[in-house]
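Heads up: the structure comes next, in structure tokens.
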Amino acid sequence: MYVYDEFDRTFIAERAAQFRDQVARRLSGEVTEDEFKPLRLMNGVYLQLHAYMLRIAIPYGTLSSNQLRKIAEIGRVYDRGYGHFTTRQNIQFNWIKLSDMPDVLVSLAEAGLHAIQTSGNCIRNITTDQWAGVAPDEIEDPRFWAEVLRQWSSLHPEFTFLPRKFKIAITAAPHDRAAIKVHDVGLRLVRNDAGEVGFQVLVGGGLGRSPFIGKLLRDFLPKEHLISYLEAILRTYNAHGRRDNIYKARIKILVHEIGVEKLKADVEKEWERIRDGYLKLDDAFLADIRSRFIYPAYETLEDEPEGLKRALAADARFATWHRNSVAPHKAPGYGIVTVSLKPIGKPPGDATSGQLDALADLADTYSAGEIRVGHEQNLVLPHVRQQDLYALWQKLDAAGLATPNVNLISDSITCPGLDYCSLANARSIPIATAIAERFADHDKARSVGRLHLNISGCINACGHHHVGHIGILGVEKNDREFYQITLGGKADEDARFGDLLGPAIPYEEVVDTIERIVNRYLDLRQSETELFVDTVKRLGVEPFKEALHAVH
Amino acid sequence: MAHPHQQKLKISGSVVITANRLADGVVIHRTSEGQWSENLAGAQILLTADEALAALKAAQADGLIAVGPYVARVEATPTAKPGNLREKIRTEGPTFPLPSDAPVAYLPNEVGKVAA
Amino acid sequence: MPYIKKGEIADDPYVRLGGDEPVPTDVPVIVPLEWLLAQTPQSLEGRNVPLGVALPNDKPESLLEPYLPRLSLIALDFPIYRDGRAFTQARRLREAYGFTGEIRAEGDVLRDQFLFMVRSGFDAFEVKKDKDAKAFAEALQEFSGFYQPAGAGDAHFRFRFAPPFSPAMKEGESDA
Ligand code: HEM
Ligand code: SF4
């Protein structure tokens, strides 16, 4: 956990007070909607179909149990008792009144939470691996660097009115759980030959209307130059990013138009000027931030304790969940527990205030009071003693939070779609729930194996459809909902975009079609260990095309 | 569901002027008295592009009440009913039961069904 | 349009020139970029009243480099307030070129940008709304401190970390 000091707390409180004043000026007519919109967006406030939406930041995906309780309280007091976790380590509330927003922000600030830069054309909430700090394979805890970047980017004087939003993600593990290749800037912590830690810098990735995989800008950036280098990138983008067309304003388009070599030349020229100036990070600064991250004192424990073995042998449902939802922890005797927010038949990524409170209590009892949020819209209890897993599972199960479907087809990434979103072409959530129901038999889903199904209700791609093993994109034809299907996308270190299967199909046919695609895969796979996405890679989409047509 | 901001004022059939209320975001519709109603049935039904444009202009001047007014197709039967799924969802809410801590009041099987 | 200088509403001493008018030599003027670029820097040496130039936000600051010693003012434009290119121009003028004259914000200049502008190196403002101009001082006090140092415009603010980045908190700034 990162512990906020007086400065951080004052900053958040002042931000809330500033927004109260801005809302008052809007409600009194002193500022127009056009003038207000960028201000409310920078505080995470959207206007959706039915109401205002508030997007709250969960910096680097880490929450304390008290912060989670605060979120539950906001849901209960100001919303309709539930919230929606997004793919970028935020939570969204769908029904908050604009006139209540200032009180909500003040209330959040009491728990060290805020909505700063969760939207708008600025540097967004920095995201990272939900297993940061506990994953066995990482170089160091990337949240520490995410916090450095949070401080650098918060109310940055120069980069608050950028051509378009700017998203940064960091990973420190060879296996990328933060989708860094589809971010405006992706950072990977690496070690050079001399053993020093630095960053590999990718630029110009993104989804949306024109998806791009990030390109390598720099192989190794010494860590003390992180801020100056990013400042050079952002400065170049702010000056040269397109402003004539919002669909061409992201840095990915600049990279595409001028080429990564030219961008690199511009960036590095500026960087040469500033790299050894006042933005160079010094050890004392870094040590200070590092000292604010508090880790649990792990006990000396053995992996696979007797109690766990007995429970696994005795309780098949527990064993199923354990195989699906528990991952190895860097400390022996501990496990990382993923809490699926994809119960069959419920909107993916949604959690009620009651569930959040229950989780906060469980985190206190079993996970050093800490909860994580990942980009697959699930939660994580990062520090669970293996000997406690059985007790934890029983309680999660009672709260409806133990669906053993992590990484299975029913664990879809799903955007709000036409049920909430004013930009949508088609619904996403009912498609997701219907598919999950079709595969509700977890044995069947498990026999299919790892399969990432991602659904977006329009080309903005909030549901990451491009990088789903199966991607579903809502389009609209003559006022009816149609869906395009892509196969073979991936979001990890081998990120690639899926290939289009064929013409869009109507709402009513989606579930059957997906089932046929999955059955086709079961026929085509070489062995039970060949994943869906690997079969698509081996054979292309061609053999799956027949699934688009029902056999009458 | 053509995005409302891309609408040109070419209308076929009945339309209303609709928006969200500034203070709380609630869906509102313009009445024939130039007021705003939460009830679509109370909305003024417009039949020509000229009428619709005039009403839209008037609505845009109401920036302290209504945010983002636009022209929405409706079915006049004889009062206004939503003319497409987007407007139906705006009127009736999401097409599935909202998550709730209350005891489950529906069968999961019904959730995925098309509500339109 | 109210004009703010040194944090207060003031009279603007400059005459703003548009297209092809002759440039007077006896009053402070703000000339269009094209006019300036048509002069040699030497030809401006004789002028002894202040000279300013308006730099559009799609033109690089480097164009002004040979003229900077003769310029007392650079006006930067916000055609719409969401267009933030001038923040970068101001910051580069201060930090890369060491320009110490007036950097003026003009165009769609609203209250909620004042803080960002001051911190990026602006020190004069043509403000769109009277009410915003009156709230200038108040707007600068909305935050008691900032995280990131930003060079030129930052003399008046306190930082979480003083540049170069270090935890050297000033006295009295509790870190309890
Ligand atoms: C419900 C209100 C939402 C609105 C109005 C909205 C709007 C947008 C828009 C306009 C874009 C495209 C930006 C561009 O390409 O320049 C976008 C992209 C994106 N949104 Fe959303 N979004 C919403 C909800 C969400 C949710 C719930 C998630 C997470 C599940 C999300 C995550 C993302 C992500 C990851 C992108 C990625 C595309 C990229 O940045 O390249 N958004 N959103
Ligand atoms: S993908 Fe489209 S429909 Fe889905 S949340 Fe994003 S903008 Fe809305």
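Letters A, B, ... mirror the listed sequences (proteins, then strands); counts begin at 1.
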Q) At a heavy-atom separation under 4.5 Å, does A/S353 approach chain B through its side chain, its backbone, both, or neither? A) both
(Q) Donor-acceptor check, side chain of B/R86 to backbone of A/S422, threshold 3.5 angstrom: yes or no? (A) yes
(Q) Can you tell me if A/K37 has over 12 outside heavy atoms packed within less than 6.0 Å of its NZ? (A) no
Q.
Donor-acceptor check, side chain of A/D479 to backbone of B/N84, threshold 3.5 angstrom: yes or no?
A. no
Q: Identify which of A/H50, A/Q355, A/K97 forms the greatest number of heavy-atom pairs closer than 4.5 Å to chain B.
A: A/H50
Q) Where the side chain of A/Y52 meets the backbone of B/L22, is there a donor-acceptor pair that is under 3.5 Å apart? A) yes
Q.
Report which part of A/L47 has an atom under 4.5 Å of a heavy atom belonging to chain B: side chain, backbone, both, or neither.
A. side chain
Q) So which of B/L64, B/I89, B/V27, B/V26 has the biggest tally of heavy-atom pairs under 4.5 Å with chain A? A) B/I89
Q) Given that the side chain runs from C-beta out, which part of A/R438 has a heavy atom under 4.5 Å from chain B: side chain, backbone, both or neither? A) neither
Q) Does B/N20 use its side chain to pair, donor to acceptor, with the backbone of A/L49 at less than 3.5 Å? A) yes
**Q.** Option in A/G417, A/A432, A/A51 with maximal non-hydrogen atom pairs under 4.5 Å from chain B
**A.** A/A51
Q) Which heavy atom in B/G63 sits nearest to a heavy atom in A/R26, and how many Å separate them? A) O-NH2, 3.1 Å
Q: Please round to the nearest 0.5 Å and tell me the distance separating atom CG of B/D24 and atom CE of A/M101.
A: 10.5 Å
Q) Does B/T95 offer a backbone N or O that forms a donor-acceptor pair with the side chain of A/D419 under 3.5 Å? A) yes
Q | Evaluation steps, side-chain contact (heavy atoms from CB on, under 4.5 Å), between A/F36 and B/V67 | A | CA-CA 11 Å; A/F36 181 61; B/V67 182; over 6 Å; no
Q | Heavy-atom closest pair, residues B/P99 and A/D350 | A | CG-OD2, 3.3 Å
Q.
For A/K444, I'd like to know if atom NZ has over 12 heavy atoms of other residues, nucleotides or ligands within 6.0 Å.
A. yes
(Q) Just so I know, are the side chains of A/I429 and B/F96 near enough to count as touching, which here means a heavy-atom distance under 4.5 Å? (A) yes
Q | Top of A/V23, A/T32, A/L98 for chain B proximity - count of heavy-atom pairs under 4.5 angstrom | A | A/L98
